[in-house]
2 protein chains.
Amino acid sequence: MRRWPLPWQAAAAAAVGLALAVEALPSVLRWLRGGRRRPRREVLFFPSQVTCTEALLQAPDTRPSPAASGSPSGCQCSLPHGESSLSRLLRALLAARASLELCLFAFSSPQLGRAVQLLHQRGVRVRVVTDCDYMALNGSQIGLLRKAGIQVRHDQDLGYMHHKFAIVDKKVLITGSLNWTTQAIQNNRENVLIMEDDEYVRLFLEEFERIWEEFNPTKYTFFPQEKRGH
Amino acid sequence: MRRWPLPWQAAAAAAVGLALAVEALPSVLRWLRGGRRRPRREVLFFPSQVTCTEALLQAPDTRPSPAASGSPSGCQCSLPHGESSLSRLLRALLAARASLELCLFAFSSPQLGRAVQLLHQRGVRVRVVTDCDYMALNGSQIGLLRKAGIQVRHDQDLGYMHHKFAIVDKKVLITGSLNWTTQAIQNNRENVLIMEDDEYVRLFLEEFERIWEEFNPTKYTFFPQEKRGH
(Lines give C-alpha, C1' and ligand atoms only; values in the text may rest on other atoms or scores of the structure.)
Protein backbone atom coordinates (compact mmCIF):
# COMPACT_ATOMS: atom_id res chain seq x y z
CA MET A 1 0.00 0.00 0.00
CA ARG A 2 1.42 3.42 -0.99
CA ARG A 3 1.74 5.64 2.03
CA TRP A 4 3.04 8.82 0.39
CA PRO A 5 1.96 10.81 -1.54
CA LEU A 6 -1.69 10.45 -0.56
CA PRO A 7 -4.09 9.78 -3.42
CA TRP A 8 -5.77 12.95 -4.74
CA GLN A 9 -9.03 12.17 -2.97
CA ALA A 10 -7.30 12.23 0.38
CA ALA A 11 -5.39 15.42 -0.44
CA ALA A 12 -8.64 17.13 -1.50
CA ALA A 13 -10.47 15.91 1.61
CA ALA A 14 -7.65 17.16 3.81
CA ALA A 15 -7.65 20.56 2.05
CA VAL A 16 -11.41 20.91 2.47
CA GLY A 17 -11.06 19.81 6.08
CA LEU A 18 -8.38 22.42 6.71
CA ALA A 19 -10.36 25.20 5.06
CA LEU A 20 -13.44 24.32 7.06
CA ALA A 21 -11.43 24.00 10.25
CA VAL A 22 -10.30 27.61 9.85
CA GLU A 23 -13.88 28.67 9.17
CA ALA A 24 -15.20 26.71 12.16
CA LEU A 25 -12.46 27.75 14.57
CA PRO A 26 -14.53 30.39 16.45
CA SER A 27 -17.41 27.94 16.90
CA VAL A 28 -15.03 25.18 18.01
CA LEU A 29 -13.34 27.49 20.54
CA ARG A 30 -16.75 28.57 21.85
CA TRP A 31 -17.71 24.92 22.14
CA LEU A 32 -14.50 24.05 23.98
CA ARG A 33 -14.91 27.02 26.35
CA GLY A 34 -18.46 26.61 27.45
CA GLY A 35 -20.31 23.97 25.56
CA ARG A 36 -22.82 24.78 22.87
CA ARG A 37 -25.05 26.87 25.15
CA ARG A 38 -26.37 29.84 23.23
CA PRO A 39 -25.85 33.18 25.02
CA ARG A 40 -29.00 34.38 26.69
CA ARG A 41 -31.20 36.64 24.55
CA GLU A 42 -34.68 37.48 25.65
CA VAL A 43 -37.15 40.25 24.93
CA LEU A 44 -39.85 41.08 27.47
CA PHE A 45 -42.85 43.14 26.50
CA PHE A 46 -45.09 44.93 28.96
CA PRO A 47 -47.72 45.49 30.34
CA SER A 48 -47.08 42.37 32.34
CA GLN A 49 -49.81 40.08 33.54
CA VAL A 50 -50.10 40.46 37.32
CA THR A 51 -48.77 37.22 38.81
CA CYS A 52 -47.68 36.11 42.26
CA THR A 53 -43.91 36.53 42.66
CA GLU A 54 -43.65 35.37 46.27
CA ALA A 55 -42.00 32.08 45.34
CA LEU A 56 -39.19 34.02 43.69
CA LEU A 57 -38.78 36.62 46.42
CA GLN A 58 -39.04 34.50 49.55
CA ALA A 59 -36.72 31.65 48.66
CA PRO A 60 -33.33 31.95 50.45
CA ASP A 61 -31.53 31.40 47.15
CA THR A 62 -33.69 31.66 44.07
CA ARG A 63 -31.79 30.03 41.31
CA PRO A 64 -33.68 29.54 38.05
CA SER A 65 -34.86 26.03 38.88
CA PRO A 66 -38.02 24.06 38.14
CA ALA A 67 -39.02 24.30 41.81
CA ALA A 68 -39.20 28.08 41.60
CA SER A 69 -40.47 28.40 38.05
CA GLY A 70 -43.98 29.46 38.76
CA SER A 71 -45.35 26.58 40.79
CA PRO A 72 -47.36 27.85 43.74
CA SER A 73 -44.61 26.80 46.20
CA GLY A 74 -46.99 27.06 49.06
CA CYS A 75 -48.42 30.50 48.31
CA GLN A 76 -52.20 30.47 48.61
CA CYS A 77 -52.96 33.92 47.17
CA SER A 78 -55.52 34.38 44.45
CA LEU A 79 -53.10 35.67 41.79
CA PRO A 80 -52.00 33.42 38.93
CA HIS A 81 -48.70 31.68 39.73
CA GLY A 82 -47.35 31.30 36.21
CA GLU A 83 -44.63 33.21 34.40
CA SER A 84 -44.99 36.86 33.37
CA SER A 85 -42.73 39.57 32.01
CA LEU A 86 -42.20 40.78 35.59
CA SER A 87 -41.32 37.31 36.89
CA ARG A 88 -38.84 36.87 34.02
CA LEU A 89 -37.26 40.22 34.82
CA LEU A 90 -37.02 39.29 38.52
CA ARG A 91 -35.48 35.94 37.61
CA ALA A 92 -32.84 37.60 35.42
CA LEU A 93 -31.90 39.93 38.30
CA LEU A 94 -31.98 37.23 40.99
CA ALA A 95 -29.46 35.21 38.97
CA ALA A 96 -26.78 37.68 40.17
CA ARG A 97 -24.04 36.06 42.27
CA ALA A 98 -21.33 38.73 42.43
CA SER A 99 -22.43 42.18 41.26
CA LEU A 100 -25.40 44.21 40.13
CA GLU A 101 -25.19 47.69 38.64
CA LEU A 102 -28.49 49.59 38.36
CA CYS A 103 -28.90 52.78 36.38
CA LEU A 104 -32.55 53.76 36.77
CA PHE A 105 -34.53 56.92 36.18
CA ALA A 106 -37.43 55.83 38.41
CA PHE A 107 -37.55 52.93 40.86
CA SER A 108 -40.72 52.35 42.87
CA SER A 109 -41.75 48.73 42.18
CA PRO A 110 -41.91 46.91 45.55
CA GLN A 111 -41.16 43.53 43.94
CA LEU A 112 -38.07 44.80 42.15
CA GLY A 113 -37.03 46.61 45.34
CA ARG A 114 -37.32 43.37 47.32
CA ALA A 115 -35.28 41.53 44.70
CA VAL A 116 -32.48 44.08 44.95
CA GLN A 117 -32.50 43.93 48.76
CA LEU A 118 -32.42 40.12 48.62
CA LEU A 119 -29.33 40.25 46.43
CA HIS A 120 -27.68 42.71 48.80
CA GLN A 121 -28.42 40.37 51.73
CA ARG A 122 -26.83 37.52 49.80
CA GLY A 123 -23.59 39.48 49.48
CA VAL A 124 -23.99 40.61 45.89
CA ARG A 125 -22.31 44.01 45.42
CA VAL A 126 -25.15 46.31 44.41
CA ARG A 127 -24.57 49.85 43.14
CA VAL A 128 -27.42 52.14 42.13
CA VAL A 129 -27.42 55.32 40.06
CA THR A 130 -30.67 57.25 39.84
CA ASP A 131 -32.29 60.60 39.07
CA CYS A 132 -32.55 63.03 41.98
CA ASP A 133 -36.00 64.27 40.94
CA TYR A 134 -37.60 60.85 41.17
CA MET A 135 -35.80 59.27 44.09
CA ALA A 136 -37.66 61.30 46.69
CA LEU A 137 -41.15 60.75 45.26
CA ASN A 138 -43.72 58.91 47.32
CA GLY A 139 -43.26 55.18 46.88
CA SER A 140 -39.69 55.38 45.66
CA GLN A 141 -37.56 52.39 46.64
CA ILE A 142 -34.35 54.43 46.79
CA GLY A 143 -34.67 55.43 50.46
CA LEU A 144 -35.31 51.81 51.44
CA LEU A 145 -32.29 50.62 49.49
CA ARG A 146 -30.07 53.23 51.14
CA LYS A 147 -31.43 52.34 54.58
CA ALA A 148 -30.52 48.72 53.86
CA GLY A 149 -26.92 49.81 53.22
CA ILE A 150 -26.92 49.79 49.43
CA GLN A 151 -24.79 52.45 47.74
CA VAL A 152 -26.86 54.94 45.75
CA ARG A 153 -25.62 57.94 43.77
CA HIS A 154 -27.74 60.52 41.94
CA ASP A 155 -27.35 63.36 39.49
CA GLN A 156 -27.50 67.04 40.26
CA ASP A 157 -27.44 68.48 36.78
CA LEU A 158 -29.96 69.94 34.40
CA GLY A 159 -30.84 66.84 32.42
CA TYR A 160 -32.45 63.64 33.58
CA MET A 161 -30.55 60.44 34.36
CA HIS A 162 -33.00 58.70 32.07
CA HIS A 163 -31.32 55.29 31.57
CA LYS A 164 -33.15 52.15 32.62
CA PHE A 165 -30.53 49.44 32.63
CA ALA A 166 -29.03 46.78 34.87
CA ILE A 167 -25.86 44.73 34.54
CA VAL A 168 -25.82 41.30 36.20
CA ASP A 169 -22.44 39.81 37.18
CA LYS A 170 -20.81 41.91 34.46
CA LYS A 171 -22.19 39.38 32.00
CA VAL A 172 -25.81 40.18 31.24
CA LEU A 173 -27.24 43.54 30.18
CA ILE A 174 -30.89 44.31 30.93
CA THR A 175 -32.08 47.47 29.20
CA GLY A 176 -35.14 49.00 27.57
CA SER A 177 -37.89 51.56 27.95
CA LEU A 178 -39.24 50.29 31.30
CA ASN A 179 -38.99 52.45 34.38
CA TRP A 180 -39.11 50.21 37.44
CA THR A 181 -42.54 51.31 38.60
CA THR A 182 -45.71 49.32 39.12
CA GLN A 183 -47.57 51.71 36.83
CA ALA A 184 -45.17 51.01 33.99
CA ILE A 185 -45.06 47.26 34.63
CA GLN A 186 -48.84 46.85 34.77
CA ASN A 187 -50.18 49.57 32.47
CA ASN A 188 -47.64 50.71 29.88
CA ARG A 189 -46.45 49.38 26.54
CA GLU A 190 -42.77 48.75 27.31
CA ASN A 191 -39.84 46.61 26.24
CA VAL A 192 -36.86 45.11 28.04
CA LEU A 193 -33.96 43.31 26.37
CA ILE A 194 -31.98 40.73 28.33
CA MET A 195 -28.69 40.16 26.55
CA GLU A 196 -25.71 38.05 27.50
CA ASP A 197 -23.33 39.97 25.28
CA ASP A 198 -19.74 40.92 26.13
CA GLU A 199 -19.62 43.94 23.86
CA TYR A 200 -22.85 45.55 25.04
CA VAL A 201 -22.03 44.78 28.68
CA ARG A 202 -18.63 46.45 28.29
CA LEU A 203 -20.09 49.62 26.73
CA PHE A 204 -22.89 49.95 29.31
CA LEU A 205 -20.51 49.19 32.18
CA GLU A 206 -18.22 51.96 30.96
CA GLU A 207 -21.23 54.30 30.89
CA PHE A 208 -22.16 53.20 34.41
CA GLU A 209 -18.64 53.84 35.72
CA ARG A 210 -18.53 57.27 34.05
CA ILE A 211 -21.81 58.23 35.72
CA TRP A 212 -20.82 56.62 39.05
CA GLU A 213 -17.69 58.81 39.18
CA GLU A 214 -19.46 61.93 37.99
CA PHE A 215 -22.15 61.49 40.67
CA ASN A 216 -19.55 61.12 43.42
CA PRO A 217 -21.30 62.46 46.53
CA THR A 218 -18.32 64.55 47.58
CA LYS A 219 -19.29 66.77 44.64
CA TYR A 220 -22.91 67.27 45.71
CA THR A 221 -24.12 70.79 46.37
CA PHE A 222 -27.39 71.53 48.08
CA PHE A 223 -30.20 73.36 46.33
CA PRO A 224 -28.91 72.74 42.80
CA GLN A 225 -30.36 74.62 39.86
CA GLU A 226 -33.86 73.76 38.76
CA LYS A 227 -34.25 71.16 36.03
CA ARG A 228 -35.51 71.68 32.56
CA GLY A 229 -37.85 69.60 30.39
CA HIS A 230 -38.23 65.88 29.81
CA MET B 1 -2.72 2.83 -7.62
CA ARG B 2 -5.42 1.54 -5.27
CA ARG B 3 -8.53 3.63 -5.60
CA TRP B 4 -10.71 1.96 -3.00
CA PRO B 5 -10.76 1.72 -0.04
CA LEU B 6 -8.97 5.03 0.71
CA PRO B 7 -5.99 4.76 3.02
CA TRP B 8 -6.81 5.55 6.65
CA GLN B 9 -5.28 9.03 6.42
CA ALA B 10 -7.70 10.00 3.70
CA ALA B 11 -10.67 8.51 5.54
CA ALA B 12 -9.73 10.38 8.71
CA ALA B 13 -9.23 13.65 6.82
CA ALA B 14 -12.59 13.23 5.11
CA ALA B 15 -14.30 12.48 8.43
CA VAL B 16 -12.76 15.55 10.04
CA GLY B 17 -13.69 17.60 7.00
CA LEU B 18 -17.30 16.40 7.18
CA ALA B 19 -17.58 17.10 10.91
CA LEU B 20 -16.18 20.57 10.47
CA ALA B 21 -18.37 21.21 7.45
CA VAL B 22 -21.43 20.60 9.62
CA GLU B 23 -20.01 22.88 12.31
CA ALA B 24 -19.19 25.60 9.78
CA LEU B 25 -22.42 25.38 7.81
CA PRO B 26 -24.09 28.47 9.36
CA SER B 27 -20.97 30.58 8.77
CA VAL B 28 -20.64 29.31 5.20
CA LEU B 29 -24.30 30.08 4.47
CA ARG B 30 -23.88 33.56 5.97
CA TRP B 31 -20.79 34.05 3.83
CA LEU B 32 -22.60 32.90 0.68
CA ARG B 33 -25.57 35.15 1.43
CA GLY B 34 -23.88 38.43 2.13
CA GLY B 35 -20.16 38.17 2.40
CA ARG B 36 -18.38 38.34 5.72
CA ARG B 37 -19.78 41.76 6.66
CA ARG B 38 -20.51 41.86 10.35
CA PRO B 39 -24.13 42.83 11.15
CA ARG B 40 -24.43 46.40 12.33
CA ARG B 41 -24.21 46.85 16.10
CA GLU B 42 -23.85 50.29 17.58
CA VAL B 43 -24.58 51.87 20.94
CA LEU B 44 -25.23 55.60 21.16
CA PHE B 45 -25.06 57.41 24.46
CA PHE B 46 -26.61 60.78 25.13
CA PRO B 47 -26.55 63.72 25.85
CA SER B 48 -25.34 64.34 22.34
CA GLN B 49 -22.95 67.10 21.42
CA VAL B 50 -24.87 69.74 19.46
CA THR B 51 -23.65 69.50 15.88
CA CYS B 52 -24.88 70.79 12.53
CA THR B 53 -27.02 68.16 10.81
CA GLU B 54 -27.91 70.19 7.71
CA ALA B 55 -25.65 68.17 5.44
CA LEU B 56 -27.60 65.05 6.39
CA LEU B 57 -31.06 66.59 6.18
CA GLN B 58 -30.76 68.66 3.01
CA ALA B 59 -29.16 66.14 0.69
CA PRO B 60 -31.67 64.67 -1.80
CA ASP B 61 -30.49 61.16 -0.94
CA THR B 62 -28.33 60.87 2.13
CA ARG B 63 -26.59 57.57 1.92
CA PRO B 64 -23.89 56.96 4.50
CA SER B 65 -21.02 58.19 2.34
CA PRO B 66 -17.79 60.04 3.04
CA ALA B 67 -19.22 63.17 1.38
CA ALA B 68 -21.99 63.35 3.99
CA SER B 69 -20.00 62.16 6.97
CA GLY B 70 -19.62 65.39 8.80
CA SER B 71 -17.77 67.57 6.35
CA PRO B 72 -19.28 71.06 6.26
CA SER B 73 -20.80 70.42 2.81
CA GLY B 74 -21.30 74.09 2.28
CA CYS B 75 -23.03 74.90 5.58
CA GLN B 76 -21.51 78.01 7.14
CA CYS B 77 -23.19 77.88 10.56
CA SER B 78 -21.14 78.14 13.72
CA LEU B 79 -21.95 74.66 15.06
CA PRO B 80 -19.36 71.87 14.89
CA HIS B 81 -19.82 69.75 11.75
CA GLY B 82 -18.49 66.45 13.08
CA GLU B 83 -20.31 63.30 14.12
CA SER B 84 -22.47 63.12 17.24
CA SER B 85 -24.92 60.65 18.74
CA LEU B 86 -27.76 62.57 17.05
CA SER B 87 -26.06 62.53 13.64
CA ARG B 88 -25.47 58.78 13.98
CA LEU B 89 -29.11 58.23 14.88
CA LEU B 90 -30.20 60.36 11.89
CA ARG B 91 -27.87 58.42 9.61
CA ALA B 92 -29.28 55.08 10.77
CA LEU B 93 -32.82 56.29 10.04
CA LEU B 94 -31.95 57.93 6.72
CA ALA B 95 -30.56 54.61 5.50
CA ALA B 96 -34.18 53.42 5.09
CA ARG B 97 -35.10 52.58 1.49
CA ALA B 98 -38.42 50.72 1.81
CA SER B 99 -40.04 51.00 5.23
CA LEU B 100 -39.81 52.68 8.61
CA GLU B 101 -41.88 51.74 11.64
CA LEU B 102 -41.77 54.20 14.55
CA CYS B 103 -43.15 53.43 17.99
CA LEU B 104 -42.49 56.54 20.06
CA PHE B 105 -43.79 57.86 23.36
CA ALA B 106 -42.73 61.47 22.63
CA PHE B 107 -41.59 62.96 19.35
CA SER B 108 -40.70 66.65 19.22
CA SER B 109 -37.15 66.82 17.83
CA PRO B 110 -37.24 68.99 14.68
CA GLN B 111 -34.22 67.23 13.17
CA LEU B 112 -35.70 63.76 13.64
CA GLY B 113 -39.02 65.09 12.32
CA ARG B 114 -37.33 66.39 9.18
CA ALA B 115 -35.56 63.07 8.68
CA VAL B 116 -38.87 61.19 8.84
CA GLN B 117 -40.51 63.62 6.40
CA LEU B 118 -37.55 63.28 4.05
CA LEU B 119 -37.97 59.50 4.03
CA HIS B 120 -41.69 59.87 3.37
CA GLN B 121 -40.92 62.17 0.42
CA ARG B 122 -38.51 59.57 -0.95
CA GLY B 123 -41.28 56.98 -1.00
CA VAL B 124 -40.32 55.06 2.13
CA ARG B 125 -43.44 53.62 3.77
CA VAL B 126 -43.51 55.30 7.18
CA ARG B 127 -45.90 54.23 9.94
CA VAL B 128 -45.98 55.91 13.35
CA VAL B 129 -47.47 54.77 16.64
CA THR B 130 -47.44 57.22 19.51
CA ASP B 131 -48.95 58.16 22.85
CA CYS B 132 -52.05 60.32 22.73
CA ASP B 133 -51.04 62.40 25.76
CA TYR B 134 -47.81 63.59 24.21
CA MET B 135 -48.73 63.98 20.57
CA ALA B 136 -50.71 67.18 21.13
CA LEU B 137 -48.11 68.93 23.27
CA ASN B 138 -46.52 72.12 22.04
CA GLY B 139 -43.64 71.31 19.71
CA SER B 140 -44.78 67.78 18.93
CA GLN B 141 -43.85 66.61 15.45
CA ILE B 142 -46.88 64.35 15.16
CA GLY B 143 -49.22 66.96 13.67
CA LEU B 144 -46.60 67.89 11.08
CA LEU B 145 -46.10 64.26 10.11
CA ARG B 146 -49.84 63.73 9.71
CA LYS B 147 -50.15 66.92 7.67
CA ALA B 148 -47.42 65.56 5.38
CA GLY B 149 -49.53 62.46 4.79
CA ILE B 150 -47.76 60.04 7.11
CA GLN B 151 -49.95 57.46 8.86
CA VAL B 152 -50.05 57.93 12.62
CA ARG B 153 -51.98 55.87 15.17
CA HIS B 154 -52.19 56.48 18.91
CA ASP B 155 -53.40 54.77 22.06
CA GLN B 156 -56.55 55.54 23.97
CA ASP B 157 -56.07 53.37 27.01
CA LEU B 158 -55.00 53.89 30.57
CA GLY B 159 -51.32 53.15 30.27
CA TYR B 160 -48.68 54.95 28.26
CA MET B 161 -47.41 53.82 24.87
CA HIS B 162 -43.91 54.17 26.31
CA HIS B 163 -41.80 52.37 23.67
CA LYS B 164 -39.08 54.30 21.87
CA PHE B 165 -38.13 52.13 18.93
CA ALA B 166 -37.76 52.26 15.16
CA ILE B 167 -37.40 49.50 12.58
CA VAL B 168 -35.54 50.34 9.37
CA ASP B 169 -36.32 48.29 6.25
CA LYS B 170 -37.39 45.41 8.50
CA LYS B 171 -33.69 44.77 9.07
CA VAL B 172 -32.38 47.13 11.73
CA LEU B 173 -33.86 47.74 15.17
CA ILE B 174 -33.20 51.07 16.89
CA THR B 175 -34.33 51.05 20.53
CA GLY B 176 -33.44 52.45 23.93
CA SER B 177 -34.38 54.95 26.60
CA LEU B 178 -34.36 58.04 24.36
CA ASN B 179 -37.57 59.92 23.70
CA TRP B 180 -37.21 61.83 20.45
CA THR B 181 -37.13 65.28 22.04
CA THR B 182 -34.45 67.96 21.92
CA GLN B 183 -34.41 68.07 25.72
CA ALA B 184 -33.60 64.37 25.91
CA ILE B 185 -31.05 64.50 23.09
CA GLN B 186 -29.15 67.47 24.49
CA ASN B 187 -29.60 67.19 28.27
CA ASN B 188 -30.38 63.65 29.40
CA ARG B 189 -28.34 60.55 30.06
CA GLU B 190 -29.81 58.15 27.48
CA ASN B 191 -28.93 55.11 25.42
CA VAL B 192 -29.90 53.88 21.97
CA LEU B 193 -29.00 50.48 20.51
CA ILE B 194 -28.78 50.07 16.74
CA MET B 195 -28.95 46.38 15.95
CA GLU B 196 -29.07 44.57 12.62
CA ASP B 197 -30.55 41.43 14.11
CA ASP B 198 -33.23 39.26 12.51
CA GLU B 199 -34.57 37.88 15.79
CA TYR B 200 -34.94 41.21 17.58
CA VAL B 201 -36.40 42.84 14.46
CA ARG B 202 -38.98 40.06 14.18
CA LEU B 203 -40.07 40.37 17.83
CA PHE B 204 -40.31 44.17 17.75
CA LEU B 205 -42.08 44.12 14.39
CA GLU B 206 -44.66 41.72 15.84
CA GLU B 207 -45.11 44.12 18.77
CA PHE B 208 -45.49 47.01 16.32
CA GLU B 209 -48.12 45.17 14.27
CA ARG B 210 -50.04 44.21 17.44
CA ILE B 211 -50.13 47.85 18.54
CA TRP B 212 -50.86 49.10 15.02
CA GLU B 213 -53.96 46.89 14.86
CA GLU B 214 -55.05 47.67 18.40
CA PHE B 215 -54.79 51.41 17.71
CA ASN B 216 -56.91 51.11 14.57
CA PRO B 217 -58.62 54.51 14.29
CA THR B 218 -62.03 52.99 13.60
CA LYS B 219 -61.95 51.99 17.27
CA TYR B 220 -61.25 55.49 18.61
CA THR B 221 -63.75 57.01 21.00
CA PHE B 222 -63.70 60.67 21.93
CA PHE B 223 -63.05 61.79 25.49
CA PRO B 224 -61.51 58.53 26.66
CA GLN B 225 -60.97 57.85 30.36
CA GLU B 226 -58.32 59.84 32.13
CA LYS B 227 -54.86 58.26 32.34
CA ARG B 228 -53.09 57.07 35.42
CA GLY B 229 -49.50 57.42 36.49
CA HIS B 230 -46.18 57.13 34.70
Side-chain angles (χ1 to χ4, degrees), chain A residues 1-3 6-7 9-11 13-21 23-24 26-28 31 41 43 45-47 103 105-106 129 131 155 157-165 175-179 181-184 186-191 193 199-200 203-204 207 210-211 227-230, chain B residues 1-3 6-7 9-11 13-21 23-24 26-28 31 41 43 45-47 103 105-106 129 131 155 157-165 175-179 181-184 186-191 193 199-200 203-204 207 210-211 227-230:
Chain A
M1 184 168 117
R2 281 174 65 187
R3 287 263 170 139
L6 294 173
Q9 294 98 328
V16 169
L18 185 65
L20 290 168
E23 177 67 37
S27 308
V28 171
W31 178 76
R41 287 161 59 96
V43 181
F45 289 110
F46 294 80
C103 204
F105 176 57
V129 158
D131 187 87
D155 68 322
D157 54 27
L158 295 175
Y160 285 112
M161 206 312 294
H162 200 244
H163 288 303
K164 310 102 170 43
F165 70 81
T175 188
S177 66
L178 183 82
N179 289 311
T181 71
T182 301
Q183 297 293 348
Q186 294 185 3
N187 298 322
N188 291 0
R189 295 275 183 170
E190 307 271 6
N191 64 79
L193 299 168
E199 188 183 352
Y200 286 138
L203 292 169
F204 277 78
E207 172 75 353
R210 269 193 299 273
I211 297 177
K227 289 214 180 190
R228 295 194 307 246
H230 181 56
Chain B
M1 182 167 117
R2 280 173 66 187
R3 288 263 170 142
L6 293 173
Q9 293 100 326
V16 168
L18 183 65
L20 290 168
E23 176 68 35
S27 308
V28 172
W31 178 76
R41 288 162 57 97
V43 181
F45 289 110
F46 294 80
C103 204
F105 177 55
V129 159
D131 187 87
D155 67 323
D157 54 27
L158 295 175
Y160 285 113
M161 206 311 296
H162 201 244
H163 288 302
K164 311 102 172 38
F165 71 80
T175 188
S177 66
L178 182 83
N179 290 312
T181 71
T182 301
Q183 296 294 349
Q186 293 185 3
N187 299 322
N188 291 0
R189 295 275 184 172
E190 307 272 5
N191 65 79
L193 299 168
E199 189 182 352
Y200 286 137
L203 292 168
F204 278 76
E207 172 75 352
R210 270 192 298 272
I211 297 176
K227 290 215 175 187
R228 294 194 308 247
H230 183 55

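Throughout, a chain's letter reflects where its sequence line sits, starting with A, and its residues are numbered from 1. Just so you know, these numbers come straight off a predicted model, no measurement behind them. No hydrogens, no waters, no symmetry mates; every other heavy atom, side chains included, goes into these values.
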> Picking from B:K164, B:R41, B:E207, which has the most non-hydrogen pairs under 4.5 angstrom with chain A?
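Counting heavy-atom pairs under 4.5 Å, the top option is B:R41.
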
> Please tell me if the side chains of A:I211 and A:H163 come closer than 4.5 Å, counting only heavy atoms from C-beta onward.
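They are in contact (side-chain heavy atoms under 4.5 Å apart), so the answer is yes.
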
> Which atoms of A:F165 are under 4.5 Å from chain B, going by heavy atoms: the side chain, the backbone, both sets, or neither?
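Interface part for A:F165: side chain.
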
> List the atom of A:D131, the atom of A:G159, and the distance in Å for their closest heavy-atom pair.
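For A:D131 versus A:G159, the nearest heavy atoms are OD1-O, 4.2 Å.
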
> Testing the basics here: between A:A106 and A:T181, what is the closest heavy-atom pair and its distance to 0.1 Å?
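Scanning both residues completely, I find the closest heavy atoms to be CB-CG2, 4.0 Å.
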
> Non-hydrogen atoms of chain A under 4.5 Å away: do they reach the side chain of B:F204, the backbone, both or neither?
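Both parts, backbone and side chain.
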
> Report the option among B:N191, B:L193, B:V43 that has the most heavy-atom pairs separated by less than 4.5 Å from atoms of chain A.
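The candidate making the most pairs under 4.5 Å is B:N191.
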
> Please name the pair of heavy atoms, one in B:E190 and one in B:A184, separated by the smallest distance, quoted to 0.1 Å.
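So the two residues come closest at OE2-CB, 3.6 Å.
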
